[in-house]
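Okay, structure first, notes after.
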Amino acid sequence: MKPATSVLALAGILSGVVATPDPLVQRALPNAPKGYTPSSASCPASRPTIRSASGLSPNETSWLETRRDKTLNSMKDFFNHVTIKDFDAVNYIDRISSNSSDLPNIGIAVSGGGYRALMNGAGAIKAFDSRTDNSTSPGQLGGLLQSATYLAGLSGGGWLVGSIYVNNFTTISDLQTHEDGTVWQFQNSIFEGPDGDSIQILDSASYYKDISNAVRGKEDAGYDVSITDYWGRALSYQLINATDGGPSYTWSSIALGDSFQQADMPLPILVADGRYPDELVVSSNATVYEFNPWEFGTFDPTVYGFVPLEYLGSKFDGGSIPNNESCVRGFDNAGFVMGTSSSLFNQFLLQVNSTALPSFLKDAFTSILERIGEADNDIAVYAPNPFYHWRNETSPAASNKELDVVDGGEDLQNIPLHPLIQPDRNVDVIFAVDSSADTEYSWPNGTALVATYERSLNTTGIANGTAFPAVPDQTTFVNQGLNTRPTFFGCDSSNMTGTTPLVVYLPNYPYVAFSNMSTFTPSYEESVRDDTIQNGYDVVTMGNSTRDSDWSACVGCAILSRSFERTKTEVPDLCKQCFQKYCWDGTTNTTTPASYEPTTLLGAGSTVVPALLASVITTGFAILSAL
Ligand SMILES: *[C@@H]1O[C@H](CO)[C@@H](O)[C@H](O)[C@H]1NC(C)=O
Ligand SMILES: *[C@@H]1O[C@H](CO)[C@@H](O)[C@H](O)[C@H]1NC(C)=O
Ligand SMILES: *[C@@H]1O[C@H](CO)[C@@H](O)[C@H](O)[C@H]1NC(C)=O
Ligand SMILES: *[C@@H]1O[C@H](CO)[C@@H](O)[C@H](O)[C@H]1NC(C)=O
Ligand SMILES: *[C@@H]1O[C@H](CO)[C@@H](O)[C@H](O)[C@H]1NC(C)=O
Ligand SMILES: *[C@@H]1O[C@H](CO)[C@@H](O)[C@H](O)[C@H]1NC(C)=O
Ligand SMILES: *[C@@H]1O[C@H](CO)[C@@H](O)[C@H](O)[C@H]1NC(C)=O
Ligand SMILES: *[C@@H]1O[C@H](CO)[C@@H](O)[C@H](O)[C@H]1NC(C)=O
Ligand SMILES: *[C@@H]1O[C@H](CO)[C@@H](O)[C@H](O)[C@H]1NC(C)=O
Ligand SMILES: *[C@@H]1O[C@H](CO)[C@@H](O)[C@H](O)[C@H]1NC(C)=O
Ligand SMILES: *[C@@H]1O[C@H](CO)[C@@H](O)[C@H](O)[C@H]1NC(C)=O
Ligand SMILES: *[C@@H]1O[C@H](CO)[C@@H](O)[C@H](O)[C@H]1NC(C)=O
């Protein structure tokens with residue numbers, strides 16, 4: 001990154017907000033025994049083990065049964081306002097409800113792309129959430145979130161998912177309020193730290209000290225730390241509504257919330273990539289890991305196992321914890337998990353030398369870099385490696401005491417589709433919100449879908465039973481405008497290498513604002529934040545169906561498509577028209593397209609296009625800016 005951008009990149013990133021403590025809440029719990037420091041605890045009677053990835057966890061399986069009734073009712077609500085001409089979808093859902101495997105199974109995936117992805121994704125979630133004012137009006141999509149079984153996030157999209165779930169499945173409207181001390185205060189600068197003049201209690205100096213002390217506490221307790229520990233702590237001040245960025249909040253505590261246990265919300269999943277010790281560029285066949293509320297692990301044939309998340313940090317060896325070792329808890333800090341999925345943004349902190357950050361922080365980062373080397377500055381170190389001596393024959397990490405995990409977008413699969421195409425999850429339709437910065441001006445061009453599609457073709461290797469609909473190359477995406485409007489992939493389920501969901505691709509596109517800020521723009525005025533969220537709302541609703549009056553009905557058709565096949569139901573005429581309109585027709589056009597510079601569709605965009613900034617970054621930082 002060039003100096004000019006690094007200064008910008010710093011302004012605002014470490015800023016944060018500290019709200020008043022609320023210790024009694026029944027939500028993601030501050031349940032780590034010793035704050036940020038993992039600590040030994042006695043093992044439960046049946047000692048934690050790694051399980052094979054040959055199926056879903058018993059926790060997920062039983063939770064899904066509870067969730068099914070909730071999504072059933074939510075879908076009926078949804079189809080009460082999203083009507084399909086000459087077809088009674090509510091009646092259809094009722095009719096098939098006795099056989100739960102006939103019901104649609106919906107996943108939502110929110111891509112990476114820093115704050116741009118968080119905000120554009122937030123607009124999508126806001127539009128899908130029946131709790132948003134007016135979202136259940138005609139032409140809108142409120143209730144899709146309540147109807148979904150899974151919500152996956154990656155990197156910047158993972159910040160979004162984490163911020164919602166760690167804050168008791170809060171709403172986007174509540175996260176973006178303008179009151180002092182509320183959560184999403186992205187205008188605050190990295191150097192200021194939390195505001196000192198409102199309900200926040202810390203000044204900048206103690207903000208840095210607190211971050212540093214938290215990480216040092218983990219290190220002093222004998223755990224290797226990486227820049228991601230600092231990054232995750234800093235991020236927490238931006239995303240978690242608790243004093244000091246909630247150092248005791250764990251990702252596994254999401255599973256302990258009352259409403260989560262009643263399955264009142266979709267299952268949240270974050271994605272990160274494995275990186276092998278001798279590998280600096282993450283390849284497309286990297287192992288893809290997921291964090292769900294119960295487990296960390298992967299369905300990939302390499303490691304093919306899951307560890308109980310609560311006990312991450314314990315010294316597993318060959319899949320179990322030796323009798324002379326105790327169980328460790330508190331390693332799965334929620335900010336560390338979000339930081340892992342977005343470890344690329346360690347870059348923000350690494351500009352430390354060109355800033356006025358306190359020297360103790362510069363020293364801390366420098367000493368980490370000396371230990372791990374510049375080339376490894378994006379890793380999140382998981383030591384002890386839970387998969388030590390696990391699957392010796394196929395796991396490249398089996399003989400390592402540390403597991404290196406990186407940003408979930410580094411393999412170019414920047415949309416977290418991987419958890420949602422696992423055959424065991426039986427997802428029928430994925431709403432894939434893409435805020436990637438692929439093109440010169442930071443718009444998506446299908447690269448994330450291409451990466452997942454290509455990976456799925458290795459049927460004897462890394463794909464391991466997953467399949468993905470055929471998608472064209474990126475020039476076709478641009479030439480055919482497939483990145484300017486929603487596009488469906490996989491409409492024809494007979495044209496597949498295996499069972500795949502229908503993918504509803506929802507690319508970032510300017511409706512009312514230029515939402516193509518650079519991935520590394522670190523601070524946003526509230527008005528820009530709100531405009532970008534509004535634009536994301538319009539991206540997924542097509543401007544509340546003003547761009548196409550059938551759009552909300554077509555979303556309904558996409559939801560029902562696989563279910564129609566299973567129940568051998570005649571596809572309604574309107575749905576046929578929708579598929580005609582939105583399904584990729586299988587043709588390609590690979591002539592070199594002109595520069596892609598869309599203008600706002602529904603009126604003057606209010607956000608400044610940081611095109612110059614984007615291109616400066618692209619020059620120096622090509623791969624990174626794509627994420
Ligand atoms: C969490 O959200 C649920 C559902 O909205 C609500 O009933 C509960 O009171 C909330 N808990 C807290 C502590 O805010
Ligand atoms: C997950 O399942 C295991 C065993 O089936 C059980 O002991 C544990 O309590 C469950 N976890 C949660 C958070 O429900
Ligand atoms: C909701 O709709 C009402 C009536 O059309 C309107 O007055 C109100 O401003 C809308 N609210 C939002 C958040 O758009
Ligand atoms: C943040 O916490 C404060 C104090 O407990 C609460 O009033 C507010 O609603 C919370 N905001 C969100 C988005 O959860
Ligand atoms: C990944 O693919 C490359 C070839 O593209 C191959 O050399 C390498 O062994 C593969 N790695 C794994 C872990 O499958
Ligand atoms: C900061 O600068 C010093 C002196 O040039 C250098 O040794 C150190 O590695 C730098 N630290 C980082 C984090 O770049
Ligand atoms: C894996 O390798 C280690 C070290 O060589 C060995 O001790 C262990 O028994 C092996 N595990 C299996 C299941 O083969
Ligand atoms: C698509 O994006 C990739 C980066 O993700 C870029 O290398 C490629 O040139 C772009 N192609 C088009 C046609 O925009
Ligand atoms: C497919 O996967 C296998 C095993 O993971 C690997 O050896 C091979 O190189 C991969 N092929 C491609 C084309 O990536
Ligand atoms: C996935 O990988 C595991 C571990 O290598 C293997 O046992 C299983 O058969 C594979 N599944 C498919 C469908 O290929
Ligand atoms: C599906 O259709 C696409 C586009 O027509 C084609 O390229 C692809 O090979 C087909 N795939 C299968 C498995 O039939
Ligand atoms: C869509 O509806 C939402 C909520 O009702 C509203 O805030 C927004 O301005 C509408 N967008 C358009 C383009 O009409």
Side-chain angles (χ1 to χ4, degrees), residues 19-32 41-52 55-67 70 74 81 122-123 126-127 129-142 145-146 163-178 182-183 240-242 246 249-269 291-297 306-312 320 327 329 332 334 511-512 530-531 533-538 541 543-546 602:
T20 48
D22 45 353
L24 299 176
V25 298
Q26 293 306 304
R27 50 155 156 146
L29 300 164
N31 68 342
S42 53
C43 291
S46 111
R47 293 171 76 83
T49 54
I50 311 284
R51 69 170 184 90
S52 147
L56 301 180
S57 67
N59 302 85
E60 182 169 339
T61 304
S62 67
W63 184 90
L64 287 172
E65 281 172 28
T66 317
R67 181 68 187 147
K70 304 291 166 87
S74 298
H81 70 94
K126 190 174 182 177
D129 191 340
S130 60
R131 298 171 298 177
T132 304
D133 274 353
N134 295 351
S135 70
T136 55
S137 304
Q140 301 209 30
L141 299 176
L145 181 65
Q146 281 71 23
S163 198
I164 294 170
Y165 279 80
V166 178
N167 296 315
N168 192 30
F169 198 63
T170 187
T171 60
I172 303 304
S173 308
D174 281 350
L175 287 165
Q176 68 173 130
T177 54
H178 290 241
T182 47
V183 192
I240 300 179
N241 190 16
Y249 283 76
T250 59
W251 191 261
S252 57
S253 75
I254 291 172
L256 303 177
D258 288 342
S259 346
F260 180 81
Q261 291 189 338
Q262 287 155 33
D264 285 337
M265 56 193 81
L267 180 58
I269 303 177
F291 297 88
N292 63 54
W294 304 284
E295 296 184 322
F296 166 67
F306 285 91
V307 59
L309 189 56
E310 185 183 1
Y311 296 108
L312 199 63
S320 58
C327 287
R329 287 186 48 224
D332 65 314
Y511 279 74
V512 293
D530 293 349
D531 290 348
I533 292 173
Q534 181 59 55
N535 195 74
Y537 198 110
D538 288 329
T541 60
N544 303 331
S545 298
T546 55
L602 298 181

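All ligand and atom numbering here is 1-based and tracks the order in the structure. Just so it is clear, the values below take in all heavy atoms, side chains as well, and ignore hydrogens, waters and symmetry mates.
Residues Ile269 and Phe291 are not in side-chain contact: their nearest non-hydrogen atoms beyond the backbone lie 4.5 Å or more apart.
Regarding atom 13 (C) of ligand 3, its nearest protein heavy-atom neighbour is Asp133 CB, 4.0 Å. With respect to atom 14 (O) of ligand 3, the closest heavy atom belonging to the protein is Asn134 ND2, 3.4 Å.
For atom 4 (C) of ligand 3, no protein non-hydrogen atom is found at a distance below 4.0 Å. Shown here, atom 9 (O) of ligand 2 is out of close reach of the protein: none of its heavy atoms lies under 4.0 Å off.
A perpendicular orientation is assigned to the rings of Trp63 and Trp294, their planes being inclined by more than 60° (bins at 30° and 60°).
Residue Asn59 has at least one nitrogen or oxygen atom sitting less than 3.5 Å from a nitrogen or oxygen atom of ligand 2, judged on distance alone.
For the residue pair Gln534 / Lys126, no side-chain donor-acceptor distance below 3.5 Å is found, with atom types taken as modelled. Checked by atom type, the side-chain pair Gln140/Asn134 shows no donor-acceptor distance below 3.5 Å.
Formation of a donor-acceptor pair under 3.5 Å by the Asp174 side chain with backbone atoms of Thr170 is not found in this model.
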